[in-house]
K.L.:
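One structure, as C-alpha cells, below. Some questions next.
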Amino acid sequence: MTASEYHVASFVLRVRPERAEQVRAALERLAGAELHIEEKTTWVVTIEAEDTRKLAERAQGLADRDGVLQLSPVDRKSTRLNSSHLVIS
C-alpha cells in the first residue's frame, strides 16, 4: 500500500512597501503558494508541498527574496493518504 503526503503551512509575511509588487509576483510564481490576506505590508500566506523538504525549500526561497523583511510560521499540518484511510497530524 503506497502512501502520499500533503503538507501545508501558514505564515505571516512582512514586506518592504517599495518591493511589494516584486514580492507578490514571486509569490504568484512559487509552486503551492497562495496569498490569503494583504494588509499593507503584512500578508498571510500558505505554502503547500508533497513533503517537508520541499515545503521548507519553498518557504526559505520566499524568505530570501529581496523585499521580504520577515517570514514567520504560524501553523503546519500534514496529511498522509493511502488507499484505506486519511491521517492528519
K.L.:
If we only count heavy atoms from C-beta on, is the V74 to V12 side-chain gap below 4.5 Å?
P.N.:
yes
K.L.:
Decide yes or no for V15 and W43: does some side-chain heavy atom of the first lie under 4.5 Å from some side-chain heavy atom of the second?
P.N.:
yes
K.L.:
Between Y6 and E50, is any pair of side-chain heavy atoms under 4.5 Å apart?
P.N.:
no
K.L.:
Side chains of I47 and V8: does their closest heavy-atom pair fall under 4.5 Å?
P.N.:
no
K.L.:
Report, one line per pair, each donor and acceptor closer than 3.5 Å where one atom sits in a side chain of residues 27-34; sequence neighbours left out.
P.N.:
unit_1: R29; atom_1: NH1; unit_2: A25; atom_2: O; d: 3.4

K.L.:
Looking at every non-hydrogen atom in both residues, tell me the closest pair between T46 and H36 and how far apart they are.
P.N.:
OG1-NE2, 2.7 Å
K.L.:
Could you tell me whether K54 and E57 have a side-chain N and a carboxylate O separated by less than 4.0 Å?
P.N.:
no
K.L.:
With side chain to side chain contact (heavy atoms under 4.5 Å, CB included) as the test, would you mind laying out the steps for V68 and L13 before giving the verdict?
P.N.:
CA-CA 7 Å; V68 172; L13 175 65; 3.5 Å; yes
K.L.:
Who are the side-chain hydrogen bond (donor to acceptor under 3.5 Å, both in side chains) partners of R14, not counting sequence neighbours?
P.N.:
Q70
K.L.:
Under the 3.5 angstrom rule, does the side chain of S10 hit a backbone N or O of D75 as a donor-acceptor pair?
P.N.:
yes
K.L.:
List the atom of G67, the atom of R19, and the distance in Å for their closest heavy-atom pair.
P.N.:
CA-CB, 3.6 Å
K.L.:
Sequence neighbours excluded, which residues qualify as side-chain hydrogen bond (donor to acceptor under 3.5 Å, both in side chains) partners of Q60?
P.N.:
D64
K.L.:
Could you check whether any side-chain heavy atom of R76 comes within less than 4.5 Å of a side-chain heavy atom of H7, counting everything from C-beta outward?
P.N.:
yes
K.L.:
Before you tell me yes or no, could you show the steps for R16 and L69 under side chain to side chain contact (heavy atoms under 4.5 Å, CB included), namely the whole-Å CA-CA distance, both residues' side-chain angles and the distance that decides it to 0.1 Å?
P.N.:
CA-CA 6 Å; R16 293 186 185 279; L69 296 171; 3.5 Å; yes
K.L.:
Any heavy-atom pair between the side chains of D66 and Q22 that's under 4.5 Å?
P.N.:
no
K.L.:
Output the distance between atom CG (L71) and atom CZ (R65), rounded to the nearest 0.5 Å.
P.N.:
13.0 Å
K.L.:
More than 12 non-hydrogen atoms from neighbouring residues, nucleotides or ligands closer than 6.0 Å to CD on E39, yes or no?
P.N.:
no
